[in-house]
Amino acid sequence: MQQRSRRLALTVNFHFWRPCNMACKFCFAGFGDVDRESLLRKRQLVALTRTLAARFAKINFVGGEPTLCPYLPDLVREAKSAGAITSIVTNGTLLDGPRLAAFRGLLDMVGLSMDSAEPATNRATGRVLRTSREPLDAASYHRIADLVHHFGMALKINTVVSAANVHEDLTPHYLRMRPTRVKLLQLLPIAGENDRA
């Protein structure tokens with residue numbers, strides 16, 4: 001008799017980190033329904049990562065902005081050591097050579113959020129750094145993609161389609177960045193989370 005797999009599903013999106021360094025008006029992961037006292041500590045998150053890795057084939061570490069978490073490498077390492085495929089979904093602002101080098105052999109995929117290559121469009125949607133109010137431009141996205149490929153990780157691009165970018169053709173950028181796949185997401189209102197959208 002064949003033993004049943006312990007994994008229940010293919011993928012889990014693990015929203016483990018609340019802070020973010022961008023001010024996207026359409027963000028659905030504002031954690032408006034979560035109070036500070038209910039957020040888990042590092043020890044609890046490591047244990048939960050271990051449990052998720054035993055039940056899911058792939059873990060997407062998402063936030064907020066997961067690269068702001070100082071112990072993200074520990075969580076990814078825990079998932080990888082348990083045999084899970086590992087991925088992060090990030091705005092890319094903190095991805096540089098040293099940070100990606102720390103994930104070599106641990107992180108299978110980087111999901112990069114890129115809604116527009118036009119700084120003006122990103123300003124209009126709030127996809128700007130909270131501190132400087134500056135957006136990423138096309139060259140920045142291309143540089144991030146090159147780094148991800150350099151460190152042997154797959155690249156996925158997530159694009160939220162809204163009234164601000166619906167007429168923008170990102171095809172030349174997708175071709176330049178060579179993602180494994182592109183995910184197009186429609187902006188939908190979620191009461192209490194993206195009311196500013």
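- A distance of 8.0 Å separates CZ of R50 from OG of S81, quoted to the nearest 0.5 Å.
- Checked by atom type, the side-chain pair E65/N91 shows a donor-acceptor distance below 3.5 Å.
- Between D108 and K80 there is a salt bridge, with a side-chain nitrogen of the basic residue lying less than 4.0 Å from a carboxylate oxygen of the acidic one.
- Residues V148 and L100 share a closest heavy-atom pair of N-CD1, 4.0 Å.
- Side-chain contact check for E168 and S116: at least one donor-acceptor pair (N or O, by modelled atom type) lies under 3.5 Å.
- Rounded to the nearest 0.5 Å, atoms CG (D146) and CZ (R178) are 6.5 Å apart.
- Using cut-offs of 30° and 60° for the angle between ring planes, the Y71 and W17 rings count as perpendicular.
- When all heavy atoms of Y141 and S113 are compared, the closest pair comes out as CE2-O, 3.5 Å.
- Relative ring orientation between F61 and F14 is described as tilted, the plane-to-plane angle lying within the 30° to 60° band.
- A salt bridge between R123 and E134 is present, with a side-chain N of the basic residue lying under 4.0 Å from a carboxylate O of the acidic one.
- Across G97 and F151, no two heavy atoms sit closer than the pair O-CZ, 3.4 Å.
- When all heavy atoms of L170 and T159 are compared, the closest pair comes out as CD1-CG2, 3.9 Å.
- Summarising the geometry of T86 relative to A79, their closest heavy-atom pair is CG2-CB, 3.8 Å, with the distance given to 0.1 Å.
- Side chain to side chain, N60 and N13 meet the donor-acceptor criterion of an N or O pair below 3.5 Å.
- Closest non-hydrogen pair, I144 versus L136, comes out as CD1-CD1, 4.2 Å.
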